[in-house]
Amino acid sequence: MIDKLNSPQREAVTLPPQHALVLAGAGSGKTRVLTTRMAWLIQTGQVSPLGILAVTFTNKAAREMTARVSSILPIDIRGMWIGTFHGLCNRMLRAHHRDAGLPQAFQILDTADQLAAIKRLLKANGVDDDKYPPREVQRFINGAKEEGQRPGDVEAYDNFRRRMIEIYALYEAQCQREGVVDFPELLLRAYELLSRNEPVRAHYQRRFKHVLVDEFQDTNTLQYKWLRLLAGGGASMFAVGDDDQSIYAFRGANVGNMSDFERDYAHGTVIRLEQNYRSYGHILDAANALISHNNGRLGKNLWTEQGEGEQIRVVEQPTDLSEAQWLVDEVRGLISDGRERSQIAVLYRSNAQSRVIEHALFSAGVAYKVYGGLRFFERQEIKHALAYLRLMANPDDDTSWMRVVNFPPRGIGARTLELLGDQARAFDTSLSSAVARVPGKGGSNLAQFAMMINKLSFETRLLPLPELVEHVIAHSGLMAHYEQDREGADRIENLNELVNAAAAFVIEADMAGLPAGVVVQAPMTGATTVIADAGQDVVLDPMQEGFNGLSPLMAFLSHAALEAGDNQAQAGQDAVQLMTVHAAKGLEFDAVFITGIEEGLFPHENSVSDPSGLEEERRLMYVAITRARERLYFSLAQSRMLHGQTRYAMRSRFLSEVPDVHMKWLTPKQGLSDSEPRWKTSHYAGDTYGRQVAPRAAPVPPKMLASGVTVGAQQFRVGQGVRHARFGEGTIIGLAGTGLDAQAQIQFRDVGAKTLALGVAKLDIVQS
DNA sequence: TCCAGGCCCGTTTTT
DNA sequence: CGGGCCTGGA
């Protein structure tokens, strides 16, 4: 098990029970160390599978971890707590729902449900949603929860925040009344449960001897607090992460947790995995050199025993269109050289860049796959069906009620619903319970809807899950509605797929044990136990309690909320992989294209003004580079269409942070302040292997580039020096628009980057 | 209730 | 430019 490991890997795997921080560089065998560690602890008898808690961020990572542990050790992994933060907290809350102050059948709101609930709340309370936009409110509430703060804990230093806090409190009351829980609430409730309830805390602290955390650099404040509580009874915490791959600060991740952890727990037990098994030398050294420009790193230098390999191929094109065209030609070359399409990845900083590339690939007939679209359980028709199903389980779920009360349309208008809402509020009940209080025609339509929900509940109460789902889809009017819709074919197919998903879910639960909830199964005897409220184990009949004490429907609904499904458009067939750099984290490919490496795009203009933002962009570039095994391309365009206007940008600073020796320019590399157009001709003769590249027509250089943008009597170009009365001297790093609408992005020497309207700002041109 | 057209906005995203 | 959202008129 451990003899195939290198020495730091083996050291990490076989560490005695103590806290440790493993700094695992890209491609250094992180998952292998984590899973082997678990298997080793079990095999050497140091801990039973039940004493291990392993936590990840994504379901995919959790599945992979489970699969790899069970492939190393032929043990029953059913009783092990391997899962996502949210999945494990859900499991804990179901088991101790009473102590946590929740109904056992609490529903989970996904991000969209939560937003809908907030909109409804603001309307009901007459909050001005211009001053308090729902998204802003959502950010505020989730931000507070992720810091572990309830309304009473948030500091109210101005009126705006005071009002926000009031809204937060109202929102909490609404969720509580409806029996629903949003994503951050799952974590916060579980944390509060452990911190306030001594018996429950003692139970879990006694149980878990080893707590292992994947992607530790992505944890937020609350997740770290939760871990500290769980491990507070003497468990060993084994945290694996890479501060250089921290790219989720914008959603609350706190890289600082890593250095805090080292200080508070690891006390110097820091193991560095620096040998990289993925990439060749040029690629790795480029990544090392780039990331060395960041400050405050925990420190790490990747190396490889593989040779230096090929240099990074760099291409600069005049426009985004020609960049895409070049890319398609190059991709076809790679394919005709015998590379698999699925081993070719095209990465970009932002989703908007994909369209031009998709268009070019599509026109050329190259199969491709785009990651990041709508996921299965997020589709409109699926969310509607789930809303009906939720009402079967809990008619007081107002979010679901509102979603389908008039879908398909059944003559219940805004006016009626407003009335219903008023009644519900006046009597402090759910919408469902307030139906009888609404008179008139709208009221009778409402009553009919409520009756239908009741009838459906009754009809389906004894049905197995797949038939239940099928029945609800068929008799709620959903199916009929989409059958009438000329463009409803896809939606019908998805609804049928939902029935299949329910069937698969039941089979999976039978075979692999329990997807969510509280059951713990002893590996040898197969006896099923449920952790009771006071932390005592109660044996249940496994045949009766197949879903952890939850009904199959409830378990399925939790599953749907916690695992929204694949977010890749078309599965199957061998296809070129298109995705954002964020989505590529954790993946690897033989050949990688990093596109749009321009100032303003990568690093993104919204991030360059503050140092920490720029460093995160640099880490993003580091992640992108380290995805490549053999071949890496950098590409950029001098101009591109963005927001309906042509924009001009300079080469990204990241290009100059990679030493020249690692790069080979396939297009001419010239100075930026050159007044000549940088683009001369487009042909480059073959690659380093001498493969001949078919000659093609030279793209036409954009006419505007040489002259730049003209405003009044002044002509502005990218790279030009300018002086501003207040901001001082600077360099134009981006131009967009024409005439009086034209804007320039300027990097000032003293005050940083600013975007100025050229029709307004007074600028002098400085001769360099 | 429904749909068309105007309007606004534009980084990254998992649970 | 293009998508999502809201509003106002039929």
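Letters go in sequence order (proteins before strands), and every chain restarts at 1. None of the values given here were measured: they were computed from a predicted structure.
- Distance OH (Y371(A)) to C1' (dT12(B)): 18 Å, rounded to an integer number of Å.
- No engagement by D110(A) is indicated, since no non-hydrogen atom pair under 4.0 Å with the nucleic acid exists.
- Between R355(A) and dC1(C) there is no side-chain N or O to OP1 or OP2 distance below 4.0 Å.
- Nucleotides dC5(C) and dT12(B) are separated by 16 Å at their P atoms, to the nearest Å.
- Of the candidate nucleotides dT15(B), dC6(C), dT11(B), dT15(B) has the atom lying nearest to any side-chain atom of H86(A).
- A straight line from CG of L222(A) to P of dT15(B) spans 17 Å, rounded to a whole angstrom.
- Classified by interplanar angle (parallel below 30°, tilted 30° to 60°, perpendicular above 60°), the ring pair F216(A)/Y224(A) is perpendicular.
- Y248(A) comes within 4.0 angstrom of sugar-phosphate atoms only, judged by non-hydrogen atoms across all strands, and of no base.
- Here D218(A) lies out of heavy-atom contact (under 4.0 Å) with every strand.
- Between H559(A) and F505(A), the ring-plane angle classifies as tilted under the 30° and 60° cut-offs.
- For T111(A) and dT15(B), a side-chain-to-base donor-acceptor distance below 3.5 Å is present, hydrogens and geometry of angles not being considered.
- For the pair E358(A) CD and dG2(C) C1', the interatomic distance rounds to 14 Å; values are reported in whole Å.
- A close approach under 4.0 Å does not occur between any side-chain nitrogen or oxygen of R375(A) and OP1 or OP2 of dT13(B).
- Listed nucleotides: dT15(B), dT13(B), dC6(C). Nearest to the side chain of N351(A): dT13(B).
- Across dT15(B), dT14(B), dT12(B), the shortest atom-to-atom separation from the side chain of S350(A) is found for dT12(B).
- Following rounding to the nearest Å, M579(A) (CE) and dT14(B) (P) show an atom-to-atom distance of 12 Å.
- Between A564(A) and I247(A), the one whose closest nucleotide on DNA chain B sits nearer the 5' end is I247(A).
- The backbone N or O of H359(A) lies less than 3.5 Å from a partner atom in the side chain of S363(A), making a donor-acceptor pair.
- Across all strands, F250(A) comes closer than 4.0 Å to base atoms (heavy-atom distances).
- As a whole-Å value, the separation of L347(A) CG from dT12(B) P is 14 Å.
- Nucleotide dC6(C) holds its P atom 8 Å from the NZ atom of K123(A), rounded to whole Å.
- Of all nucleotides listed (dC6(C), dG10(B), dT11(B)), dT11(B) comes nearest to the side chain of H604(A).
- dT12(B) has no base stacking with the ring of H582(A) when judged by centroids under 5.5 angstrom apart and an interplanar angle below 30°.
- Around atom CZ of R135(A), no more than 12 heavy atoms belonging to other residues, nucleotides or ligands sit under 6.0 Å away.
- Side-chain proximity of E617(A) to dT11(B), dG10(B), dT14(B): nearest is dT11(B).
- With rounding to whole Å, Q745(A) atom CD is found 13 Å from dT11(B) atom P.
- In this structure, NE2 of H643(A) is placed 12 Å from P of dC9(B), rounded to the nearest angstrom.
- Ion pairing between a basic and an acidic side chain is recognised when a charged N comes within 4.0 Å of a carboxylate O; E185(A) and K145(A) show such pairing.
- The closest donor-acceptor contact from the side chain of N125(A) to the backbone of L121(A) lies under 3.5 Å.
- In terms of position on DNA chain B, the residue among T84(A) and S607(A) whose nearest nucleotide sits closer to the 5' end is S607(A).
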